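Just so it is clear: chains get the letters A, B, ... in the order the sequence lines come, proteins before strands, and each one is counted from 1. Keep in mind the model is a prediction, meaning the values are calculated, not measured. All values below come from the heavy atoms of this structure, side chains included, with hydrogens, waters and symmetry mates left out.
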Amino acid sequence: MKNKIPAPAILSAHDLREGYVAYWTGELWSRDINQAKIAHADDEIIEMETVAASFIAQNIIVDFAIIPIAHIAYKITSKTLRESFLISGPTIDYGEPSIEGALNVSI
Amino acid sequence: MYRYDEFDAAFVASRNAQFANQVARRLDGSLSEDEFRPIRLRNGVYLQLHAYMLRIAIPYGTLSAKQMRVLAQIGAKYDKGYGHFTTRQNIQFNWIKLIDVPQILAELAEVSMHCIQTSGNCIRNVTADHFAGIAKDEIADPRPIAELIRQWSTEHPEFLYLPRKFKIAVTGASADRAVIRAHDIGIQIIDDVKRGIGFRIYAGGGLGRTPVIGKIIKEFVTHEKLLGYLEAVLRTYNSEGRRDNKYKARIKILVNETGLEEFIKQVEAEYAISDTSSVDVDADEIARINAYFALPKLLGRSETKYDAALNDSAFADFAKYNTIPHKIDGYVATTISLKPIGGIPGDATSTQMLAIADLADKYSSGEIRITHHQNIVFPHVAKDDLPELCAALGAMGLATANVGLISDIIACPGLDYCALATARSIPIAQEISKRFESSQKQAEIGNISINISGCINACAHHHIGNIGILGLEKSGRENYQITIGGDATLDMALGERLGPGIDAEDVPDTIERIINRYLHLREEGEEFIDTYRRLGIEHFRVAFANQGQILSEDL
Ligand code: SF4
């Protein structure tokens with residue numbers, strides 16, 4: 001597998017059952033970006049791709065991405081525009097969910 | 001409203017059972033993602049930027065209060081408490097878990113709803129004028145025809161694997177409110193002096209990376225032969241459309257590459273050899289479907305309360321912008337704007353959806369429409385009930401009086417949700433809407449459309465917005481191209497680009513300068529599109545050039 005993404009980078013994917021974004025921590029998948037393992041070299045990125053392929057084969061994740069990150073001081077930031085929104089989540093403030101009365105409607 | 005018959009119900013139930021089984025097989029690994037992807041897409045399940053998204057069909061934009069209640073429940077139980085109404089009259093939920101989809105489909109089926117053919121290379125949800133059956137300028141209600149097409153196209157074995165997706169829209173009025181010329185096939189109901197009521201067929205329209213305005217391919221088709229003719233168009237496309245390059249696979253490319261005349265010839269040749277007897281529609285069948293769309297019994301009502309309430313300026317604005325006259329005197333169709341100032345275009349919370357359902361039962365014979373502008377319509381409101389309805393909507397944040405005005409912005413989900421996006425749309429819409437918050441200013445500007453797409457796929461129809469905004473990525477930053485002069489009516493026109501792309505922060509200022517320029521240049525009685533057509537784009541370029549200034553010196 002040829003690596004084209006420059007280090008440092010992290011591995012993200014979608015959890016197959018729920019679809020939410022998760023990050024590879026080096027041991028497991030976490031929803032918390034701050035737990036993400038950072039690959040600092042090309043061979044570590046290639047290793048991450050192998051990890052992703054194995055979890056895809058086990059039907060645990062789907063649609064993985066290696067995300068190049070900008071810096072790692074206190075916060076992980078993607079170097080690419082699309083992935084920066086993948087990490088941040090929607091930038092819209094919805095406030096508290098408004099579901100009053102809607103959990104069990106009678107039809 | 002149309003009610004599913006036994007065939008529909010049995011079909012949806014068996015399809016749901018099949019998909020539940022496919023989901024289980026995907027989860028246990030019997031199906032790979034490559035095998036499962038086309039299956040889930042054909043059932044409306046996308047994997048978006050942050051999660052799975054479920055798209056639910058709302059055929060020709062018509063919903064019952066009961067159905068809206070179930071949508072509210074799905075938002076509350078399986079999503080984050082809101083749903084997004086789209087420019088194709090569907091609804092999308094952005095945070096659905098794959099494991100929940102079979103149960104969601106079962107709950108939808110209880111109210112005759114499903115997600116079948118909301119994605120994939122097949123005939124998609126058929127859309128129609130949201131004022132169908134109500135509007136005074138209507139020749140005939142387009143919904144029975146849209147329903148006929150829905151029945152014919154659902155699981156049509158020949159058209160499940162077309163070269164690309166295929167969208168059909170129907171209008172029955174003299175004013176096109178269904179953007180038929182931006183569809184693969186657009187159907188216009190006409191009343192021909194000699195032949196009576198029939199259909200004019202447009203084909204080859206579509207926006208996206210190659211925007212094309214649909215052209216007339218058949219001046220007149222009868223009710224009886226409509227499906228037979230559509231089959232001939234679809235067969236021609238299915239056999240001649242390109243499958244080697246998905247960017248060139250839509251019917252618009254085929255029509256352009258073949259040439260309109262030659263394409264028409266090919267369709268006619270196909271039609272001539274087709275045995276249409278199995279899809280010919282007799283008058284009884286038309287009458288049967290028409291009966292489902294008969295107007296509810298609307299009693300004569302006084303207008304005293306309505307007249308008195310007009311003294312209140314907020315109510316008067318609501319009545320002016322958010323209602324249109326109904327075919328029946330004393331009634332109006334009322335649009336509920338899902339574009340509050342600074343809000344998210346097309347979004348409604350579960351609580352709002354529930355309130356809308358209850359209010360529809362009380363004030364609109366239980367009937368609701370979804371517009372391609374991402375708003376909601378109560379089709380049958382007695383004028384005398386309007387003050388009470390307006391107050392009830394106001395309490396839910398749903399009485400913004402801005403339909404057709406500058407803050408009634410069409411926007412796709414963009415990079416906040418969409419896996420294909422290159423820039424955000426929603427925050428841009430929010431900022432523009434806040435910039436033009438003043439209702440006096442909006443009234444002064446008058447009728448205008450702003451459409452914002454988060455990528456070249458143009459789901460928000462930016463090419464045909466009077467002002468179109470296309471979000472792209474440039475050097476790792478969001479960058480926005482502005483077009484003006486687009487028109488979504490039967491005189492459809494594609495907007496012209498004003499200049500190079502600009503940063504997100506500069507968009508509201510630029511739009512304000514364009515508007516100032518228009519206010520300065522317009523003549524008595526003109527709307528934005530009229531001024532643009534009279535003067536052309538050059539008169540607006542100055543507004544674009546002077547970035548950073550929103551001053552009267554621009555004028
Ligand atoms: S226009 Fe692009 S960003 Fe917007 S919804 Fe369509 S595909 Fe997504």
Side-chain angles (χ1 to χ4, degrees), chain A residues 5-6 9 12-23 29-33 52-65 67-71 77-107, chain B residues 26-33 36-37 45 47-53 66-67 69-77 79-82 94-100 107 110-111 344 347 349-355 357 413-417 419 421-424 426-427 430 473 476-478:
Chain A
I5 309 282
S12 84
H14 290 269
D15 164 356
L16 171 66
R17 294 168 64 81
E18 302 199 335
Y20 297 158
V21 176
Y23 304 95
W29 294 90
S30 166
R31 297 261 159 82
D32 180 0
I33 177 82
S54 126
F55 278 92
I56 282 177
Q58 294 170 62
N59 303 301
I60 290 171
I61 60 151
V62 62
D63 213 21
F64 80 91
I67 303 176
I69 56 171
H71 64 89
T77 321
S78 165
K79 268 187 179 167
T80 53
L81 183 69
R82 181 178 181 276
E83 281 67 31
S84 68
F85 288 101
L86 183 135
I87 288 172
S88 72
T91 59
I92 308 147
D93 179 14
Y94 283 91
E96 283 300 301
S98 177
I99 60 169
E100 203 182 326
L103 270 176
N104 244 320
V105 303
S106 76
I107 52 167
Chain B
R26 173 67 189 109
L27 294 175
D28 74 15
S30 317
L31 288 174
S32 70
E33 186 60 18
F36 182 63
R37 189 181 298 110
V45 184
L47 184 56
Q48 289 285 40
L49 196 58
H50 308 296
Y52 291 107
M53 179 268 276
K66 208 163 135 181
Q67 291 171 322
R69 267 185 206 102
V70 169
L71 295 178
Q73 178 171 272
I74 288 169
K77 262 165 82 173
D79 200 278
K80 294 192 175 183
Y82 55 89
N94 290 313
W95 300 99
I96 295 298
K97 296 174 182 167
L98 182 61
I99 45 172
D100 289 335
E107 290 175 25
E110 298 242 321
V111 288
I344 298 149
D347 274 20
T349 67
S350 284
T351 311
Q352 286 175 326
M353 287 190 249
L354 206 53
L415 196 43
D416 280 300
Y417 292 102
T422 41
R424 287 171 298 165
I426 297 167
Q430 290 175 305
E473 179 184 346
R477 287 172 62 86
E478 291 166 293

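For chain A, the nearby part of Leu354(B) is the side chain; its heavy atoms alone come within less than 4.5 Å. For a residue to count as touching a neighbouring chain, one of its non-hydrogen atoms must lie under 4.5 Å from one of that chain's; by this rule Ile99(B) touches chain A with backbone and side chain alike. At a 4.5 Å heavy-atom cutoff, the contact between Gln430(B) and chain A is made by side-chain atoms alone. Heavy atoms closer than 4.5 Å to chain A are found in the side chain of Arg424(B), but not in its backbone. Heavy-atom distances place both the backbone and the side chain of Gln73(B) under 4.5 Å from chain A. Contact annotation for Asp347(B): only side-chain heavy atoms (C-beta onward) come within less than 4.5 Å of a heavy atom of chain A. The part of Thr422(B) that comes within reach of chain A is its backbone (N, CA, C, O), which places non-hydrogen atoms under 4.5 angstrom from that chain. Within the 4.5 angstrom heavy-atom criterion, atoms from both the backbone and the side chain of Leu49(B) approach chain A. Proximity to chain A is limited to the backbone of Ile96(B), based on heavy atoms less than 4.5 angstrom apart.
Heavy atoms from other residues, nucleotides or ligands lying under 6.0 Å from CD of Glu96(A) number 12 at most. Counting heavy atoms of neighbouring residues, nucleotides and ligands inside a 6.0 Å radius, atom NZ of Lys77(B) exceeds 12 of them.
At least one donor-acceptor pair under 3.5 Å links the side chain of Tyr52(B) to the backbone N or O of Leu16(A). With hydrogens and angles ignored, the 3.5 Å screen pairs a side-chain donor or acceptor of Arg82(A) with a backbone N or O of Ala419(B).
In this structure, Leu81(A) CG and Glu478(B) CD are separated by 5.5 Å, a value rounded to the nearest 0.5 Å. In this structure, the separation between CD on Glu33(B) and CD1 on Ile56(A) is 8.5 Å, given to the nearest 0.5 Å.
Comparing Asp15(A), Val21(A), Thr91(A) by heavy-atom pairs within less than 4.5 Å of chain B, the highest count is held by Thr91(A). Listed options Ser12(A), Gly19(A), Ser84(A) were ranked by heavy-atom pairs under 4.5 angstrom with chain B; first place goes to Gly19(A). Contacts with chain A were tallied for Thr349(B), Leu47(B), Asn94(B); Leu47(B) has the most, counting heavy-atom pairs under 4.5 Å.
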Just distance, no hydrogens or angles: give the donor-acceptor pairs under 3.5 Å from side chains in residues 97-105 of chain A, sequence neighbours left out.
from: Ser98(A); atom 1: OG; to: Thr351(B); atom 2: OG1; distance (Å): 2.7

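Relative orientation of the Tyr82(B) and Tyr94(A) rings is parallel, given thresholds of 30° and 60° on the angle between their planes.
Across His14(A) and His50(B), no two heavy atoms sit closer than the pair CE1-C, 3.8 Å.
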